[in-house]
Every structure is written in C-alpha cells, then in structure tokens.
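Structure, as structure tokens:
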Amino acid sequence: MKIMKTVMIVVNTSWNIYNFRLNLMRSLQSSGFRVIALAPKDDYSIKLKEEGFEWINLPFDNSSTNPLKETMQIKYFHEIYKKVMPDIILHYTIKPNIYGTLAAKWLNIPSINNVSGLGTIFLNNTLSSKVAKQLYKFSFRYANKVFFQNDDDLNLFIENKLVSKKYTDRVPGSGIDIDKFKSNHNIQEEGDEIVFLFVARLIREKGIKEYIEAIKMIKDMNLNKQVKFQIIGDLYLSNPSAISQDELDSWISDDLIEYLGYQNDVKSFIEKSSCVVLPSYREGLSKSLLEAASMEIPIITTDVSGCRDVVEDGVNGYLCRVQDSDSLKEQFIKMIELSVDDREKMGQKGREKVINEFSDERVIDKYLTSIHTILSDN
C-alpha cells in the first residue's frame, strides 16, 4: 500500500495561506498528499479547517526583533516539525523562510522557500537589515529550492551571495485564479465618475504619501471630470513606517480620499473602479495588481520590481517614477483623459497578460514538479 506523503505549508498568517495558497493546497491534496497548514491563529484558521485541511497554530510574533524571542521562535518551528515530521515543507515570508529552514535542516526535512518580496530590509542599510541578510545567507544554504517572484529579487540574492544560483527558480507570483478574478462587464459611459483605487497596507513603502500628494495636485487642477480617489487597507500601526490615524483622518476631512477600511474581499471594489493604483517602492509581485489586471481594470504603478512586471506601459496601464508624486500625477491625467473605450481596451490587454503569464496553474505546476523531484531524490 502506497504511504501518503505529507506537505506542510508555513506562513506568517493563516489569512495569507487562505487568500494566496488555497488553490496550491487543493492541487496537492488532489494529487494524493496530506496537506497541513502551519500559521498563527487568526479569523482564517477556521476557514482552512472548513476547507478540509489540517491546521496547526504557530506561536509567532511578526514584529519581534528581540534576540531571546527570536530564539524561542526557532524552537517552536523545531518542536512542531519534530512532532509532525512532514516529508517536505514549503516556507513563505521572512521568518518562516529563515527560521523554518534551519529547523527543517536540523531534522533532515527537505524544504522549498518562496521569496515573495524583500520588505523594507533591502530598502535601507540599517543594522537590522544587515543582520537579516546574513540570516538569509546562512539559512538558504540548507533549502532544496528557493523560488523568487521576479528576476530583480532573484539576481539581487545571487549577486549578494545569499543563495546559490543552482537552487533558485522563478514563479509568476502566487498565481491568479483567472476564473475567480474576471470582469463582470459593467460598462462605464462617458461622463461617469472615474474611480482610482489604492489597495495596500498603509505604510510609506507602498507609496501612500505620493498617492496623496498627487491627488492634491489633481484636485487643484479643477479638471472638468468627476474623479474619486479611494483607499482600501489596514493602518498597520505596528510597522515603523505606518501612516498614523491623524494623517488618515486629515485626508478624509480634507475630502482627498474615500477610506474604505480593511476589506476581506477586495474583488467587489476592484470591479467598480476605473483604475487600480499602487505607487510602491518595491514588491515581490503585487497580488492586487494581478487581480485588477485579471478583472480587466487598467493599472497605474511604479517602474520597479514586482510592479512593472504586471504592466506594459501604455498597453494595460501606465508606469510612473518611484517616489515621484509629479510623475504619478501625470499618469493620473493620462488615465483621466482616456475615453471609456480606450480604458476598456487597456483592461482587456491586462487580462490577456495575466492569462498568458500569471495564472495559478503555472505556479502549481512549478511546485508539483519540484516537490516530486526533491522527494524522489531524498
């Protein structure tokens, strides 16, 4: 009788697993694997269990930098891995990638890591940034495979000798369910309000300040068109670069933006927008941009890693310079001046790009191939 192999998926939130890894888990399960999710408890932990997957709580502090607490977190990974002894582990996000890989190595469990974005550690040169890079370098020597979501991040790790090239590969983000994220074909008419939608955590690295400054400039121009600017996203106050409640309140009171708060399901808001905006300083591969493109919504984003991958400038959206509110304003004007028909054509080109390059089937195939290869070699 064939023994079922166990795959454990480890991420820093259950929300992340449910929203970004669910189709991968379903495919693994249908391929005959026992699939276990390991993540801190949140509102989505029960949803994973309702989907028929095992879930184990990971005692975890995403914001901690205390050396004693960090040592304890490595201990938690090791204890759980030793108890379950999965056949292979898939790690996502920074601490699972680093600490989980070390714990897996100590138990001789093969692992596949996914660098879905570099966060703030590669945007500055602080002590914590230097420490994080060294931790990546030390732990990634033990990973059997490391997936990157864009070529710039992959090359950066190789150039800085943080990972050996022979263990790396590229995946098109987390993949997009093109059947779920598709246009409802609500046709806008000339003269309808043009709605720009920003979807991201409200931290400076997402370009939120540039978004607001560009909005102020557009408002001062008194354009002869009805334009609305919206924001969906958490304040994320635990992050040192987070926007404050007072800043957000001032934008609302000055009638610059409509704040829609945090939304579990952004799909219904994306489909009502005219354009999705993300002036981020850097991404792994932006999920919100992929979702918008898949739903035939034009995009404005920055000419940086993880953003420009989704947009062909002038075809399915526009690219602006990073940290440049004037450049962002110019792209707003271009989008505003387009006819409804031209915006719809842009949206259609975006969906074509997603289908050809970013469908979740491509991601799942990469993982299944790598898992089978690694397990057959161990």
Side-chain angles (χ1 to χ4, degrees), residues 4-64 69-70 72-101 103-104 107 109 111-117 119 173-177 180-181 199-201 232-239 261-268 284 287-288 291 360 363-364 367 371:
M4 180 181 289
K5 299 284 188 179
T6 299
V7 178
M8 180 175 278
I9 294 182
V10 188
V11 193
N12 63 359
T13 64
S14 295
W15 175 91
N16 184 300
I17 297 180
Y18 185 84
N19 283 284
F20 298 158
R21 321 293 167 196
L22 196 57
N23 279 353
L24 172 61
M25 294 173 70
R26 287 169 176 162
S27 294
L28 288 168
Q29 194 174 66
S30 65
S31 297
F33 290 100
R34 174 192 177 197
V35 182
I36 301 174
L38 175 63
K41 185 176 182 179
D42 59 33
D43 293 342
Y44 285 81
S45 305
I46 187 66
K47 292 179 181 290
L48 291 170
K49 295 172 77 172
E50 289 170 352
E51 288 282 342
F53 299 108
E54 298 175 60
W55 166 82
I56 298 174
N57 182 40
L58 175 64
F60 200 74
D61 185 350
N62 277 316
S63 60
S64 168
K69 283 187 176 181
E70 298 303 278
M72 287 301 298
Q73 292 193 53
I74 298 175
K75 182 172 178 286
Y76 292 142
F77 282 108
H78 185 268
E79 288 177 347
I80 295 168
Y81 291 179
K82 186 176 181 180
K83 183 177 180 180
V84 178
M85 287 303 293
D87 295 281
I88 191 166
I89 303 172
L90 311 186
H91 294 118
Y92 301 84
T93 62
I94 295 173
K95 291 185 179 181
N97 272 338
I98 294 173
Y99 302 152
T101 303
L107 295 165
I109 302 171
S111 61
I112 298 175
N113 295 351
N114 186 304
V115 178
S116 56
S174 304
I176 284 292
D177 184 339
K180 176 181 178 182
F181 291 96
V199 183
R201 291 172 296 157
I232 290 177
D234 251 343
L235 276 172
Y236 208 60
L237 295 175
S238 62
N239 190 295
Y262 170 78
Q263 300 292 334
N264 285 325
D265 181 10
V266 299
K267 182 174 179 287
S268 61
K287 189 79 169 181
S288 63
E291 290 171 353
D360 55 6
V363 177
I364 291 166
Y367 269 102
I371 288 169

[atom2] on [Y] to [atom1] on [X], rounded to 0.5 Å:
X    : Y    : atom1 : atom2 : answer
F181 : D360 : CZ    : CG    : 10.0 Å
I89  : I80  : CD1   : CD1   : 10.0 Å
I17  : T93  : CD1   : OG1   : 9.0 Å
I109 : H78  : CD1   : NE2   : 8.5 Å
K49  : E54  : NZ    : CD    : 10.0 Å
L48  : I36  : CG    : CD1   : 12.5 Å

Heavy-atom side-chain contact between [X] and [Y] under 4.5 Å:
X    : Y    : value
R21  : L90  : no
L24  : V363 : no
N114 : Y367 : yes
Y44  : N19  : yes
I371 : F33  : yes
I46  : K41  : no

Ignoring hydrogens and angles, tell me if any N or O in the side chain of D87 forms a donor-acceptor pair with the backbone of T6 under 3.5 Å.
yes
Taking K287 for its side chain and G175 for its backbone only, find out whether a donor-acceptor pair lies under 3.5 Å.
yes
Check [X] against [Y] and note the closest heavy-atom contact, atom names and distance.
X    : Y    : answer
M85  : K82  : CG-O, 3.3 Å
A104 : H91  : CB-CE1, 4.4 Å
P96  : F77  : CA-CZ, 3.8 Å
Y92  : N97  : N-OD1, 3.9 Å
M25  : I9   : CG-CD1, 3.3 Å
V266 : V199 : CG1-CG1, 4.1 Å

Looking at residues at least two apart in the chain, or sitting in another chain, which of them share a side-chain hydrogen bond (donor to acceptor under 3.5 Å, both in side chains) with [X]?
X    : answer
R26  : N23, E51
S14  : S45, W55
S111 : none

Salt bridge flag under 4.0 Å for residues K83 and E79
no
Within the supplied structure, the quantity of interest is the number of heavy atoms (other residues, nucleotides, ligands) at a distance under 6.0 Å from N57 CG; does it exceed 12?
yes
Show, in sequence, the C-alpha distance, side-chain angles and deciding distance for F53 and L22, and conclude whether the side chain to side chain contact (heavy atoms under 4.5 Å, CB included) test is met.
CA-CA 10 Å; F53 299 108; L22 196 57; 3.8 Å; yes
Checking side-chain polar atoms at under 3.5 Å, does N113 have a donor or acceptor matched by the opposite partner on T101?
yes
For the residue pair F20 and W15, categorise the inter-ring angle as parallel (less than 30°), tilted (30 to 60°) or perpendicular (more than 60°).
perpendicular
With K95 as the cation and Y99 as the aromatic partner, state whether NZ or CZ is under 6.0 Å from the six-membered ring centre and within 45° of the axis.
no
